[in-house]
Asks: 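Got a structure for you, questions after.
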Amino acid sequence: RCELFNKCFDHVKGCIDEIYKELTCDPTKVEQSVGGSAYLTLNNQEEPYMDGIKYDTIPPGKRFMDMTHLSGGEKTVAALALLFAINSYCPAPFIVLDEVDAALDARNVAKVTRYIQSRRHEQQCVIISLKERFYEKADGLVGICRDITGGHSNVFTLDLSMYEDGIQ
Amino acid sequence: RCELFNKCFDHVKGCIDEIYKELTCDPTKVEQSVGGSAYLTLNNQEEPYMDGIKYDTIPPGKRFMDMTHLSGGEKTVAALALLFAINSYCPAPFIVLDEVDAALDARNVAKVTRYIQSRRHEQQCVIISLKERFYEKADGLVGICRDITGGHSNVFTLDLSMYEDGIQ
Amino acid sequence: GCLYKLVVQNFKSYAGYLEIGPFKDFTCVIGPNGSGKSNLMDAISFVVGVTATTLRGSRIADFRSNLSTASASPTSVSLFYRGPEKGSGKFDEIQFTRTITSRDTSEYKIDNKKVDEKEYQRRLKSIGLLVKSRNFLVFQNEVEAVAQKTPKQLTELLERIS
Amino acid sequence: GCLYKLVVQNFKSYAGYLEIGPFKDFTCVIGPNGSGKSNLMDAISFVVGVTATTLRGSRIADFRSNLSTASASPTSVSLFYRGPEKGSGKFDEIQFTRTITSRDTSEYKIDNKKVDEKEYQRRLKSIGLLVKSRNFLVFQNEVEAVAQKTPKQLTELLERIS
Ligand SMILES: Nc1ncnc2c1ncn2[C@@H]1O[C@H](COP(=O)(O)OP(=O)(O)OP(=O)(O)O)[C@@H](O)[C@H]1O
Ligand SMILES: Nc1ncnc2c1ncn2[C@@H]1O[C@H](COP(=O)(O)OP(=O)(O)OP(=O)(O)O)[C@@H](O)[C@H]1O
Ligand SMILES: [Mg+2]
Ligand SMILES: [Mg+2]
């Protein structure tokens with residue numbers, strides 16, 4: 001049991017910083033070209049599953065602050081990095097996310113969609129979003145609207161890869 | 001004590017439906033021209049402050065469903081209606097809201113900003129928002145950005161009422 | 001592998017019989033407030049075996065569509081999974097189906113053959129869907145909570161995955 | 001009446017001395033993630049007397065700016081309130097100030113004269129700011145929770161207001 005836990009912890013700890021850097025770097029801005037940093041630390045080295053794990057992130061260009069003092073958008077990006085790091089240990093065939101972009105500004109939406117596009121062939125992503133800047137980057141859209149007379153949901157699908165130049 | 005409570009309860013109960021209708025009606029659509037409905041009901045009529053109060057809303061054109069089954073956007077609109085109804089009982093000079101529009105689609109953003117514009121002379125509103133469709137309806141903007149070298153917040157103010165035609 | 005398509009019948013705001021798909025590598029679900037986007041995620045969560053209490057309902061019966069346009073058939077969701085490509089356009093395909101019976105219990109089928117819940121879960125696990133750990137589903141308003149878990153909760157999360 | 005302007009000194013990401021305002025009837029605060037928008041709301045909440053635990057901090061000392069560009073002055077926030085117009089452009093103006101002392105306690109002033117916390121709260125109440133009920137402040141991610149309060153919590157909310 002301890003062995004299994006350690007294997008999982010070591011994997012997630014090993015890749016969290018790289019994923020967070022990929023999610024936060026901005027190649028167009030010199031001071032953010034590297035991205036921030038993220039750490040996982042064990043409170044109790046001997047028996048890891050007896051105690052807790054601390055997760056800390058430092059957004060690009062900022063000083064270290066406890067996770068509680070970060071902003072809503074900064075916490076969302078930190079959460080997504082952890083989610084993708086955990087998923088890389090035992091990847092599910094697909095992932096479903098419901099309006100995870102709600103707290104993100106335009107720049108972070110661009111970074112997150114860029115990252116999702118880069119890993120979409122390894123793990124399929126189905127993401128619910130209200131933001132045009134987010135869903136215009138998808139390969140396909142599933143549009144849902146409420147039927148005026150019956151009140152039920154009607155569904156349309158659109159293959160965006162046909163309009164490669166159009167929407168992008 | 002009971003008297004004071006009843007007075008407050010009766011006031012909020014009396015105005016919640018009207019406020020919810022104003023927040024949800026859409027004059028441009030025939031089937032939503034009236035808006036939804038909202039109710040407050042006491043679990044215990046004799047001693048109201050001993051028991052609970054149930055709050056229910058029915059979005060325009062839908063059937064009655066328990067609040068837990070409503071969508072994220074529908075719950076946000078219901079919450080704002082309750083907030084404004086409570087505020088109308090003993091109005092504070094101003095109200096501060098932090099990204100309350102996060103779960104709202106474009107149509108609901110339009111309805112909420114229309115309602116806030118209509119009451120802004122009775123109670124001043126200071127609202128943090130990331131959505132252009134929301135903040136373009138304000139009288140004034142306070143813009144905040146992080147200073148690249150020092151890391152501190154810089155503040156700019158802009159009086160939008162000067163650009164009446166421009167932004168609108 | 002991937003989620004290829006869904007077939008939803010009388011599930012919440014999805015009245016009648018509906019085929020949804022095919023899903024691409026990066027698919028976005030869009031639509032106005034209250035149109036049924038989160039209900040679609042509930043349908044996916046339901047078919048992979050997530051319990052009712054996690055999905056804004058308290059009982060399984062809450063998933064039955066209450067709309068007048070619902071048909072008489074039972075409430076059910078099918079998920080069509082496609083395995084990795086085996087060469088020359090061939091795939092393994094598995095159809096997972098979960099149905100609500102008239103006595104409000106769940107019935108599970110794989111490729112239209114009835115199986116018990118244990119076998120259903122075992123088969124899902126074999127393609128990488130660990131429902132207990134739910135690391136592949138993030139419900140509305142839950143994302144920030146992932147970063148604010150206490151150290152103890154984080155250990156539990158990793159324990160479930162390992 | 002209304003919030004006319006704020007003066008913020010070495011409060012969280014606001015290093016040095018800053019005057020913010022004037023605020024209009026409908027003012028929006030905008031800016032990228034992490035720029036300091038919620039910190040501005042924390043400053044408004046701080047000056048009207050909200051306790052530290054509600055504001056993402058645990059101790060009052062968390063509000064002191066940790067930036068190198070902060071000045072040596074103590075952390076403080078002043079709120080300039082303007083009463084309703086009394087005719088010919090005249091207003092009542094009240095300045096509320098809350099400062100963090102070197103011993104991590106709070107010092108309260110009204111129009112630059114020291115007062116105790118009771119007097120400060122009484123005067124805020126007289127202009128309609130009931131800090132205990134906090135019905136005029138909605139923090140980030142809290143709006144949906146207002147609609148999902150249990151019946152007991154709703155009663156408590158109305159009890160505090162009445
Ligand atoms: N059992 C049911 N039968 C029919 N309709 C239902 C049922 N349960 C919920 N609904 C309807 O589904 C709607 C909510 O849908 P859903 O939560 O999917 O919206 P959404 O598209 O996610 O919206 P948002 O963008 O606001 O999150 C409710 O308004 C309700 O009327
Ligand atoms: N005591 C402090 N001293 C200096 N900086 C601080 C202090 N406390 C918090 N901060 C900084 O403030 C930032 C958070 O600011 P804030 O929460 O106001 O952002 P925001 O504009 O609301 O962003 P979002 O749109 O993501 O919600 C953190 O990144 C942190 O670096
Ligand atoms: Mg939803
Ligand atoms: Mg914020």
Side-chain angles (χ1 to χ4, degrees), chain B residues 4-5 7-9 12 43 48-49 51-55 67-68 72 75-76 78-80 82-83 86-87 89-100 103 116-117 120-121 124-130 134-135 137-146 150-153 155 157 159 161, chain D residues 1-3 12-16 18 20-41 44-45 65 67-70 81 127-130 133 135-155 157-159 161-162:
Chain B
L4 273 179
F5 182 89
K7 210 171 128 234
C8 175
F9 177 74
V12 177
N43 291 356
Y49 49 86
D51 216 322
I53 301 170
K54 185 110 184 58
Y55 177 45
M67 184 69 81
T68 51
K75 280 180 191 159
T76 292
L80 290 173
L82 184 63
L83 202 83
I86 288 175
N87 254 290
Y89 178 63
C90 58
F94 60 84
I95 188 170
V96 185
L97 308 177
D98 194 347
E99 295 191 27
V100 292
I116 286 174
Q117 281 179 318
R120 67 182 190 275
H121 301 306
Q124 181 188 30
C125 286
V126 177
I127 302 178
I128 298 171
S129 171
L130 293 173
F134 196 98
Y135 59 74
K137 303 271 190 273
D139 302 331
L141 293 179
V142 171
I144 300 178
C145 67
R146 205 171 147 260
H152 53 270
S153 299
V155 182
T157 35
D159 183 343
S161 48
Chain D
C2 73
L3 158 65
K12 287 190 137 186
S13 58
Y14 295 91
L18 270 136
I20 303 171
F23 287 86
K24 310 258 200 236
D25 285 349
F26 177 14
T27 299
C28 272
V29 177
I30 64 175
N33 286 150
S35 55
K37 300 185 297 298
S38 298
N39 289 343
L40 187 62
M41 181 173 181
I44 295 172
S45 309
S65 179
L67 293 165
S68 54
T69 44
Y81 167 78
I127 60 168
L129 289 175
L130 302 170
S133 75
N135 58 321
F136 59 97
L137 299 169
V138 179
F139 295 104
Q140 202 164 350
N141 293 329
E142 279 196 359
V143 65
E144 273 187 47
V146 172
Q148 297 180 56
K149 282 188 189 293
T150 66
K152 266 242 160 310
Q153 288 171 322
L154 267 181
T155 313
L157 183 65
L158 287 195
E159 181 92 78
I161 313 264
S162 53

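Model, not experiment: these values are computed from the prediction. The figures here come from the full heavy-atom set of this structure, side chains too, leaving out hydrogens, waters and symmetry mates. Just so it is clear: chains get the letters A, B, ... in the order the sequence lines come, proteins before strands, and each one is counted from 1.
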Asks: Tell me whether D:K37 contacts the main-chain N or O of D:G31 through its side chain, where contact means a donor paired with an acceptor under 3.5 Å.
Replies: yes

Asks: Quick one: which of D:V138, D:L129, D:N141 has the most heavy-atom pairs under 4.5 Å with chain B, could you say?
Replies: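 Highest number of pairs under 4.5 Å: D:V138.
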
Asks: Checking heavy atoms, do the side chain of D:L18, its backbone, both or neither come under 4.5 Å from chain B?
Replies: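 Answer is side chain: those atoms of D:L18 sit under 4.5 Å from chain B.
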
Asks: Do D:F23 and D:C2 have side chains that approach each other closer than 4.5 Å (heavy atoms only, starting at C-beta)?
Replies: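 The answer is no, as the side chains (C-beta and beyond) never meet within the 4.5 Å cut-off.
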
Asks: For D:L3, is it the side chain, the backbone, both, or neither that has a heavy atom closer than 4.5 Å to a heavy atom of chain B?
Replies: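 Looking at D:L3, backbone and side chain both touch chain B.
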
Asks: Under the 3.5 angstrom rule, does the side chain of B:D139 hit a backbone N or O of D:F26 as a donor-acceptor pair?
Replies: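 Yes; at least one donor-acceptor contact below 3.5 Å.
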
Asks: Donor-acceptor pair, D:Q148 side chain versus B:T68 backbone, under 3.5 Å?
Replies: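 Looks like no, no N/O pair under 3.5 Å.
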
Asks: D:N39 versus chain B, heavy atoms under 4.5 Å apart: side chain, backbone, both or neither?
Replies: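 Neither part; nothing is under 4.5 Å.
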
Asks: What residue, out of D:D25, D:L67, D:T150, D:N135, has the most heavy-atom pairs lying under 4.5 Å from chain B?
Replies: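 Sorted descending by pairs with chain B, the first entry is D:D25.
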
Asks: Looking at D:G34, D:A15, D:G128, which makes the most heavy-atom pairs under 4.5 Å with chain B?
Replies: D:G128

Asks: Go through the structure and list residues passing ring pair (Phe, Tyr, Trp, His ring centres under 6.0 Å) with B:Y89, not counting sequence neighbours.
Replies: B:H11

Asks: Below 4.5 Å from any heavy atom of chain B, which atoms of D:L137 appear? Answer side chain, backbone, both or neither.
Replies: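 Answer is both: backbone and side chain atoms of D:L137 are under 4.5 Å from chain B.
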
Asks: Count the heavy-atom pairs under 4.5 Å between each of D:P22, D:P32, D:S38 and chain B, then report the option with the highest count.
Replies: D:S38

